[in-house]
Trainee: 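Just dropping this structure here.
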Amino acid sequence: WRVYRAAAPKDGAGAIVRNGGFESRDQIPVFEWELRNGVDLRAETRPSDQGEGASVLYAYASDDALGVVARQMLVLGAGSYELGTIVGMDSSPAPKRLRWNIRCAESEAVLLELDVSPNQPGRRLHRAGFRVPSVSCRAQWLNLEIEADGIAGGAEAWVDSVRVRPTMR
């Protein structure tokens, strides 16, 4: 974990999520975003004026696809945290479900499931709190899942400004 901590994000005081604004290329892929690039499921950064910066992460699922399109490993100590993100869509069909989840890497215990499914064009801020236990959860996966559920031609939405911060609870 020394390498992980040495490669800590430099994009803001106390930043936990690396490249949460999707503005830079991943420098250390094993510790940054792992993006799926398949025919049925994919995630890619694209220029956009919808998010906070110049780029956002688009998530796509074909007709009946369901799965994780982006993930990043986190190393959070025991305690309370908040996940925040901006989510939106353009004129493409909306996914049936777009969801962030945080799971313990070892036990796969679910710490948070946050449905951020957009239902109309535009953008919206989402936030939710979660707690990391003191045992069996030294590392966590932050996952973005999408489901199209029979939408002809697929479904698409975008995310930006993904942040995790400690809270006082």
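Positions are given from 1, in the same order as the sequence printed here. Note that the coordinates shown come from a computational prediction; the quantities given were computed from them, not determined experimentally.
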Trainee: Might you point out which heavy atoms bring Ser80 and Arg131 nearest each other, and give the distance in Å?
Mentor: OG-NH1, 2.9 Å
Trainee: Indicate the atoms forming the closest heavy-atom contact of Pro133 with Ala78, along with that distance.
Mentor: O-CB, 3.7 Å
Trainee: Apart from Tyr60 itself, which Ile, Leu, Val, Met, Phe, Trp or Tyr residues share its cluster (side-chain heavy atoms under 4.5 Å, direct or through members)?
Mentor: none
Trainee: For residues 109-118, which side-chain donor-acceptor pairs fall under 3.5 Å, sequence neighbours excluded?
Mentor:
residue, atom, partner, partner atom, Å
Asp115, OD1, Ser117, N, 2.8
Asp115, OD1, Ser117, OG, 2.6
Ser117, OG, Leu98, N, 2.8
Ser117, OG, Leu98, O, 3.4

Trainee: Does Arg97 reach the side chain of Asp149, with side-chain heavy atoms less than 4.5 Å apart?
Mentor: no
Trainee: I'd like a table of donor-acceptor pairs (distance under 3.5 Å, sequence neighbours excluded) in which one partner is a side-chain atom from residues 63-71, with atom names and distances.
Mentor:
residue, atom, partner, partner atom, Å
Asp63, OD1, Gly153, N, 2.9
Arg71, NE, Glu34, OE2, 3.1
Arg71, NH2, Glu34, OE2, 3.4

Trainee: Taking all atoms of both residues into account, what is the closest heavy-atom pair of Ala59 and Ile146, and its distance?
Mentor: O-CD1, 3.5 Å
Trainee: Quick test of your reading: applying disulfide bond (SG atoms under 2.5 Å apart), list the pairs with at least one residue in residues 46-149, sequence neighbours left out, ordered by first then second residue.
Mentor: Cys104-Cys137
Trainee: Mind checking side chain to side chain contact (heavy atoms under 4.5 Å, CB included) for Ala54 and listing every partner two or more places apart, or none if nothing turns up?
Mentor: Glu23
Trainee: For the CZ atom of Phe22 and the CH2 atom of Trp158, what is their distance to the nearest 0.5 Å?
Mentor: 11.0 Å
Trainee: Drop me the distance from Arg163's CZ to Ile16's CD1, to the nearest 0.5 angstrom.
Mentor: 12.0 Å
Trainee: What do the steps show when you test Leu142 against Val162 for side-chain contact (heavy atoms from CB on, under 4.5 Å), and what is the final call?
Mentor: CA-CA 10 Å; Leu142 170 61; Val162 182; 4.0 Å; yes
Trainee: Return a table of donor-acceptor pairs under 3.5 angstrom between the side chains of residues 83-91 and protein atoms on other chains or two or more places apart.
Mentor:
residue, atom, partner, partner atom, Å
Thr85, OG1, Asp160, O, 3.1
Asp90, OD2, Tyr58, OH, 2.4

Trainee: Between Leu125 and Ser161, is any pair of side-chain heavy atoms under 4.5 Å apart?
Mentor: no
Trainee: Suppose the criterion is salt bridge (Lys or Arg N to Asp or Glu O under 4.0 Å): which pairs have a residue in residues 44-54, not counting sequence neighbours?
Mentor: Glu44-Arg46, Arg46-Glu156, Glu52-Arg123
Trainee: How close do Leu35 and Ala43 get, heavy atom to heavy atom, and via which atoms?
Mentor: CB-O, 3.8 Å
Trainee: Test of understanding: with side-chain hydrogen bond (donor to acceptor under 3.5 Å, both in side chains), list the residues that count as partners of Arg99, not counting sequence neighbours.
Mentor: Glu145
Trainee: When rounded to the nearest 0.5 angstrom, what is the spacing between CG in Leu76 and CD in Gln140?
Mentor: 4.0 Å
Trainee: Stepwise, does the side-chain contact (heavy atoms from CB on, under 4.5 Å) test hold for Leu74 with Tyr81?
Mentor: CA-CA 12 Å; Leu74 306 175; Tyr81 297 86; over 6 Å; no
Trainee: Taking the side chain as C-beta and beyond, is there a heavy-atom pair between Val17 and Trp33 under 4.5 Å?
Mentor: yes
Trainee: Give every residue pair that meets the disulfide bond (SG atoms under 2.5 Å apart) criterion with at least one member in residues 38-74, sequence neighbours excluded.
Mentor: none
Trainee: Which pair of heavy atoms, one from Ala61 and one from Ala148, lies closest together, and at what distance?
Mentor: O-CB, 3.6 Å
Trainee: For a quick test of reading the model, state the closest non-hydrogen atom pair linking Glu32 to Arg18 and the distance between them.
Mentor: CG-CD, 3.7 Å
